[in-house]
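Just so you know, these numbers use all the heavy atoms, side chains as well, and skip hydrogens, waters and symmetry mates. Quick caveat: nothing in here was measured; it's all calculated off a predicted structure. Read the numbers this way: they start at 1 and go in the same order the structure lists the ligands and their atoms.
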Amino acid sequence: MASGGGSNLGAILDACRSGRISAEVVVVISDKAAARALTRASDVGIPALPIPPEAGETRESHGERLLAALGPFDADLVVLAGYMRILSTAFVQRLSGRMVNIHPSLLPRHKGLHTHRRALEAGEPEHGCTVHYVTPELDGGPAVLQAKVPVLPGDDETALAARVLAREHVIYPKVIGWIAAGRLRCPDGVPMLDGRPLTAPLIDDGSLA
Ligand code: GRF
């Protein structure tokens, strides 16, 4: 599910197509009818469904429509890749342990929006991104994998966002590959990788296979 440019979706599609991960994108859903993510999907023959909320529709009712749309695809995993709308608690609970998100900060720092600006304003020496399982607490679900980037002198939001996004494109397919291979699960709210509980997120330093 994506709202915008879909560069993370592009990275995931590349990883699937090249065989780097053993997964298949079966549908792409967007809350924005004009999202580039939708055309990225339809261009390669993947069903692309615009499902914007209707005027006056509640979050709960939108969530029910999303679940109904997802149903026929029987997806094992829902991947939020720049999906910029808060999902209903019922939607999140239905997909408990089967939905992941990528967030452009080193969670738990900078939940929510404008993460790059906030990292710059705080004068932080490093920033990054986090893949986490989704729970009803916004950006608060258990983290699996993070990548760090330096904040460089002269950085502005655009420069820092680009440096982080490049790392997102590496760690998101990696985590999806682990799940597809049956190596990563999240029973009872604790991610387990290769049978070991992750009490803190792993850091991708290039050595993780
Ligand atoms: C990414 O930075 C993601 O972390 C954030 O929104 C951005 C989406 O980028 N939630 P894209 O649409 O995948 O290019």
So does A33 get a backbone contact from the side chain of S30, meaning a donor-acceptor N/O pair under 3.5 Å?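 Judged by distance alone, no pair lies under 3.5 Å.
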Using modelled atom types and a 3.5 Å cut-off, is there a donor and acceptor pairing between side-chain atoms of R98 and backbone atoms of V78?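 Pair absent, no side-chain N/O of R98 close to backbone of V78.
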Under 4.0 Å from one or more heavy atoms of S7, ligand 1 contributes atoms 11 (P), 12 (O), 13 (O), 14 (O)
Sub-4.0 Å atoms of ligand 1 with respect to non-hydrogen atoms of G5: 12 (O)
Among all protein non-hydrogen atoms, which one is nearest to [atom], and what is the separation to 0.1 Å?
atom                    : result
atom 8 (C) of ligand 1  : G82 CA, 3.7 Å
atom 13 (O) of ligand 1 : N8 N, 2.8 Å
atom 4 (O) of ligand 1  : E168 OE1, 2.8 Å

Check which hydrophobic residues are tied to V164 through side-chain heavy-atom contacts below 4.5 Å, counting indirect links as well, and list them. L120, V149, V151, L160
For ligand 1, is there an atom lying under 4.0 Å from some heavy atom of G6? yes
What heavy-atom pair brings H110 and H103 nearest, and what distance separates the two atoms? O-NE2, 2.7 Å
Which residues pass the ring pair (Phe, Tyr, Trp, His ring centres under 6.0 Å) test with H132, not counting sequence neighbours?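 Applying ring pair (Phe, Tyr, Trp, His ring centres under 6.0 Å) to H132 gives none.
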